[in-house]
Trainee: 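To start, I am sharing the structure in question, which I have written as structure tokens.
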Amino acid sequence: MKKLLLFTFLIFILKFCFIKELKAIDIRRCSPNKSLQTASSRLKNHLFCSYDSNERPVERKKSIQALLQITPKFMEFESRTSSFTLHFWLKLTWNDSHLTWNPGEFDKLETIFVLSEDLWKPDLMIVNTGDRFEFPDTTCILKNTGNVTCVIPTKITVSCVSDFTYWPYDEQKCKIRSGSNTYYSHEVDFNFLEPPILMEDYIENHDWILKGQEATKIIVNTVTVNYTEIRYEFHLKRHSRMSHALYITPATIFLMFTLTVLWLDSTSMERLVLAGVNFVGHLYCIYDLHWMVPLNGLTVPHILIFYRDSLILAAFALIMTIVFRKFQMITAPAPKWISNIVSCRLLRFFITIDDKSKVSYELEDNVESIQSTTSETSNAKIWCEFAKLLEWLTFISIFLTYFILLVTLIP
């Protein structure tokens, strides 16, 4: 029994000493010894003795004006994921009426540095991102008028609605939408410092040009609440020099190859070889382009459409080369409608056949098998003229098709 009483008495003594120590701490914090402390320490004790960082520092019906300014440092845009990342400094300033003092009472001290975690802060939320934005710990400047200024280094990643229609000359617009997660517009009203976006420290991106930026304030009205939303919009344009050299220039060369194939004589071996090389080159470029062009946009890039259609035209030119060569080897009588087309005066302009060369070509082809007759020579001439007419019509139609494709390729 005596041991139990002794143990209870010891616990009581320890508890009393602990409470007394806590009271001593509170007394030292709220009533500091002025002779042992600097003016800055006395001022901080004076301001934060009973300060509540969770309470909005203004009367209930009044609004706090929070001013914003961002200073972009550099940005990144990832085409594959359509994500825009901005690295910047956020300058945030507001007035805290609970943190004012008379400089004359504290050795004419007008400014002190305070940790942001000890202050009430207007909370910010990024609306169009999945990441939670948290106010990082920093050191803020507090003036005797209650004005608080915090400069926060941070970064934000948002998703953009991308449009790669005119890749590699595409332009993107990305928005950062922010607002308060807790307070309505009549409690905390966000606005801008001048200028809203300070670009003096911005470092250019190697892949994208920042063409312009804009900051706007919007009051969002709903049925139940009104809140302030701050929007930053950034206009990006892709550096296209490298892509132009790798894909636009070859596209022009393939265009010339295809037209040259159709311009050459269908009986020449050069045309057949060039048509094959042109087709294989198209396949290689499309395969390489598949890995370079972003495939996550809402529209198909025109460069892919161009190469797709150009591949079709290259294949068509290769097939027609074989067909035209076959036409000029035929000695059978031509159908009447072909003879009528060939004899039409309006179309004779396109038919410039060297009779001797064509007949010689047919005779060499059949010298070991048959002896050409006059009628066979006449039939071969009709087929050669018909093939020549088709070649010119094919050349003109493909030339017009390429012209339309080029118009849609570059904005």
Side-chain angles (χ1 to χ4, degrees), residues 53-78 81-97 116 119-136 138 140 147-163 171-199 202 208 210-236 298:
S53 61
N54 296 316
E55 181 182 352
R56 194 168 62 96
V58 72
E59 294 182 11
R60 182 177 180 183
K61 295 183 179 180
K62 290 186 177 181
S63 175
I64 291 182
Q65 187 87 354
L67 303 179
L68 299 169
Q69 183 186 67
I70 65 172
T71 304
K73 297 300 179 179
F74 61 96
M75 65 84 182
E76 301 165 332
F77 182 80
E78 178 56 48
T81 58
S82 294
S83 60
F84 172 73
T85 302
L86 181 67
H87 300 254
F88 64 98
W89 286 0
L90 172 64
K91 184 177 182 180
L92 182 62
T93 180
W94 69 94
N95 185 270
D96 193 326
S97 59
S116 60
L119 299 169
W120 174 90
K121 301 172 291 293
D123 63 323
L124 279 174
M125 175 184 66
I126 306 302
V127 178
N128 58 331
T129 184
D131 298 332
R132 178 179 176 82
F133 175 77
E134 296 182 356
F135 199 109
T138 186
C140 303
N147 287 337
V148 182
T149 302
C150 299
V151 178
I152 309 158
T154 186
K155 72 172 182 178
I156 291 175
T157 301
V158 296
S159 296
C160 304
V161 180
S162 302
D163 184 4
E171 298 182 6
Q172 310 296 337
K173 290 184 178 180
C174 295
K175 295 180 180 180
I176 297 177
R177 299 168 52 199
S178 62
S180 176
N181 187 36
T182 307
Y183 300 104
Y184 304 142
S185 58
H186 66 276
E187 294 177 322
V188 175
D189 185 26
F190 290 98
N191 217 321
F192 299 111
L193 291 168
E194 291 297 333
I197 304 176
L198 191 62
M199 299 297 298
Y202 178 72
W208 294 88
L210 186 57
K211 288 188 62 178
Q213 55 281 333
E214 183 182 2
T216 55
K217 171 186 174 181
I218 297 176
I219 302 297
V220 180
N221 299 312
T222 63
V223 178
T224 56
V225 298
N226 300 330
Y227 61 92
T228 304
E229 184 173 296
I230 298 297
R231 295 182 181 180
Y232 297 97
E233 182 173 301
F234 298 89
H235 188 184
L236 314 178
L298 300 178

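Heads up: numbering here begins at 1 and tracks the sequence. These figures come from a predicted structure and were not determined experimentally.
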Trainee: Please enumerate all residues that pass side-chain hydrogen bond (donor to acceptor under 3.5 Å, both in side chains) together with Lys217, with sequence neighbours excluded.
Mentor: Asp189
Trainee: Kindly compute the distance separating CH2 (Trp208) from CG (Leu210), expressed to the nearest 0.5 Å.
Mentor: 11.5 Å
Trainee: Residues in side-chain hydrogen bond (donor to acceptor under 3.5 Å, both in side chains) with Asp123, at least two apart?
Mentor: Ser180, Thr182
Trainee: Exactly one of Val151, Leu124, Thr71 should register a side-chain contact (heavy atoms from CB on, under 4.5 Å) with Leu90. Which one does?
Mentor: Leu124
Trainee: Mind jotting down which residue pairs meet the salt bridge (Lys or Arg N to Asp or Glu O under 4.0 Å) criterion with at least one end in residues 63-73? Sequence neighbours excluded, please.
Mentor: Lys73-Asp201
Trainee: Considering non-hydrogen atoms only, spot the tightest contact between Lys173 and Cys160 and give its length.
Mentor: O-CB, 4.2 Å
Trainee: In chain order, what residues pass the side-chain hydrogen bond (donor to acceptor under 3.5 Å, both in side chains) check against Lys211, with sequence neighbours excluded?
Mentor: Glu171
Trainee: Where do Leu236 and Cys174 come nearest, in terms of heavy atoms and distance?
Mentor: CD1-SG, 4.4 Å
Trainee: With distance as the sole test, does Ser116 use its side chain to make a donor-acceptor pair with the main-chain N or O of Thr138 at under 3.5 Å?
Mentor: yes
Trainee: Parallel under 30°, tilted from 30 to 60°, perpendicular over 60°: which one fits the rings of His87 and Phe74?
Mentor: parallel
Trainee: Would you check, one step at a time, whether the test side-chain contact (heavy atoms from CB on, under 4.5 Å) holds for Tyr202 with Met75?
Mentor: CA-CA 9 Å; Tyr202 178 72; Met75 65 84 182; 3.3 Å; yes
Trainee: Any pair with a residue in residues 226-235 that passes salt bridge (Lys or Arg N to Asp or Glu O under 4.0 Å), sequence neighbours left out, goes on the list, sorted by first then second residue, please.
Mentor: Lys175-Glu233, Arg177-Glu229, Glu229-Arg231
Trainee: Output yes when a side-chain donor or acceptor of Ser159 lies under 3.5 Å from a complementary backbone atom of Ser83, and no otherwise.
Mentor: no
Trainee: Under the side-chain hydrogen bond (donor to acceptor under 3.5 Å, both in side chains) test, which residues partner Trp120, sequence neighbours left out?
Mentor: Tyr183
